[in-house]
There are 2 protein chains.
Amino acid sequence: MNDRPDTRTRILDAAQELIQRRGVNGMSFKDISDIVGIRKPSIHHHFASKDDLVVALLQRYRQQFEVTLEGITCQHETAQEQLIAYMRLFEQTLQVGDQDQSCLCGMLAAEVLSLCPHACDAVNGFLTDNVRFLSELLQVGREQGSLQFAGEPAEMASMIFAALQGGLIVARSQAQPQQMAVVTRQLLCSVSPPVA
Amino acid sequence: MNDRPDTRTRILDAAQELIQRRGVNGMSFKDISDIVGIRKPSIHHHFASKDDLVVALLQRYRQQFEVTLEGITCQHETAQEQLIAYMRLFEQTLQVGDQDQSCLCGMLAAEVLSLCPHACDAVNGFLTDNVRFLSELLQVGREQGSLQFAGEPAEMASMIFAALQGGLIVARSQAQPQQMAVVTRQLLCSVSPPVA
DNA sequence: GTCTATAGCGCGATAGAC
DNA sequence: GTCTATCGCGCTATAGAC
């Protein structure tokens, strides 16, 4: 009957939203306590330090993302459809709330010098996982014939992932969410077989 | 005979380096004063506030960048060569010092919610200028025949610029500068006519 | 598990001497 | 133009009552 998540979860939710908007260095315990509706020191009962909070947040985020990627693989037949669904994730990020949220790990990757070693490893693990996922998807797509491109799948994967992360940052900064769709459409063109 | 720049310039240099490494929110007057070798309050003599410093920095950066872009246009004949030279700028950013510097405006675009309106406008102006430069370059290249791609030049320009910005963030986070060259090579593939 | 109170520090910024 | 001294604030974190 109680559909409100527990405090720990609500703290993580607030922290994630704040980091995706302003970055780690732009987020404070005060901001979190305002959103969650508890006092600042109460946060320390759930997370000993700010670093611990960020590490826990990354752990949850990567778990959720893994499930999402599995869903994409299962729910779509062709690699092309899977790629479209994957890119949709990034477009959707910009459609939440005030349209000012970027990818959590893209944001943290930009601020990587402010992170503790554990958080740094988690961010880079996320980046690597994504490029690997894309790389396998491109490989399969090329074999299927639903995708076509020059060069190695791993290199095209790096390029596509970079474009999606950069696209989020640029589109959000300029307050033009539709620019994200422009980037994904152009990416799709770049790996699609000629229409003829 | 005095080859050391004046204090104002050295403050801007320090601020730029710090922002490209840690972002605005990760940079402080203390950091600047340590690098420049003056006391914290002395900075206020040159820049009334932190916002003023950031705005002045962006003004200088955009002026310098404009000159660089003109140089690229003049020094290279074909659009393809100009594109290669442009992308080289992003690779070179990652080759400076400890290889942990990103693009100033890419960093600030990620932290755009922490900027004053003037700085925000300057960052977005920089982004727009770059996409426009690329867009014209792609248009000319297509007409020349040195470049070839599907879709509109403006849309391909958005995609390329996003990939360069995202590529910087990812490669830097993972401490793999060579990944930046992977991205630029793949981008070049995507706008090059078939070798045959 | 949440609270009040507070420690301890770093921040941007100001005042005023030199 | 740079300095010392300091203000006022916000931060993360801790101590201890309830």
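Keep in mind that this is a model prediction, so the values were computed, not measured. We name chains A, B, ... by the order of the sequence lines, and we start the count at 1 in each one.
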For atom CD1 of I11(A) and atom P of dT2(C), their distance in whole Å: 7 Å
dG1(D) OP1/OP2 closer than 4.0 Å to side-chain N/O of H45(B): yes
Whole-Å gap separating P (dG1(C)) and CZ (F47(A)): 12 Å
Sugar-phosphate only, base, or nothing, as touched by K40(A) at under 4.0 Å among non-hydrogen atoms: base
Value rounded to 0.5 Å, distance of CD1 in I160(A) from OG in S190(A): 8.0 Å
Phosphate OP1/OP2 of dC11(D) contacted by S28(A) side-chain N/O (<4.0 Å): yes
Short side-chain to backbone donor-acceptor contact, E81(B) and T78(B), under 3.5 Å: yes
Fellow cluster residues of V182(B), listed by chain then number, with links counted only when side-chain atoms sit under 4.5 Å apart: none
Carboxylate-amine/guanidinium proximity below 4.0 Å for R60(A) and D13(A): yes
I169(A)-L127(A) co-clustered via ILVMFWY side chain contacts under 4.5 Å: no
Phosphate contact (dC3(D) OP1 or OP2) by S42(B) side-chain N/O below 4.0 Å: yes
Selection from dC11(C), dT4(C), dT4(D) that lies nearest to any side-chain heavy atom of P41(A): dT4(C)
Interatomic distance where NE2 belongs to H44(B) and P belongs to dG1(D) [whole Å]: 16 Å
Rounded distance in Å - CZ (R39(B)) to C1' (dG10(C)): 16 Å
Nearest-angstrom distance from the residue atom CG of D52(B) to P of dG12(C): 14 Å
Nearest-angstrom distance from the residue atom NZ of K30(B) to P of dT6(D): 19 Å
Contact under 4.0 Å: T7(A) side-chain N or O vs dG1(C) OP1/OP2: no
Out of dT2(D), dA13(D), dC11(C), whichever nucleotide has its closest atom nearest the side chain of K50(A): dA13(D)
Residue F29(B), side-chain atoms from C-beta onward, closest of dC3(C), dA13(C), dC11(D): dA13(C)
Spacing of M27(B) atom CE relative to dC11(C) atom P, expressed in whole Å: 10 Å
Distance in angstrom units between I38(A) CD1 and dC3(C) P, rounded: 6 Å
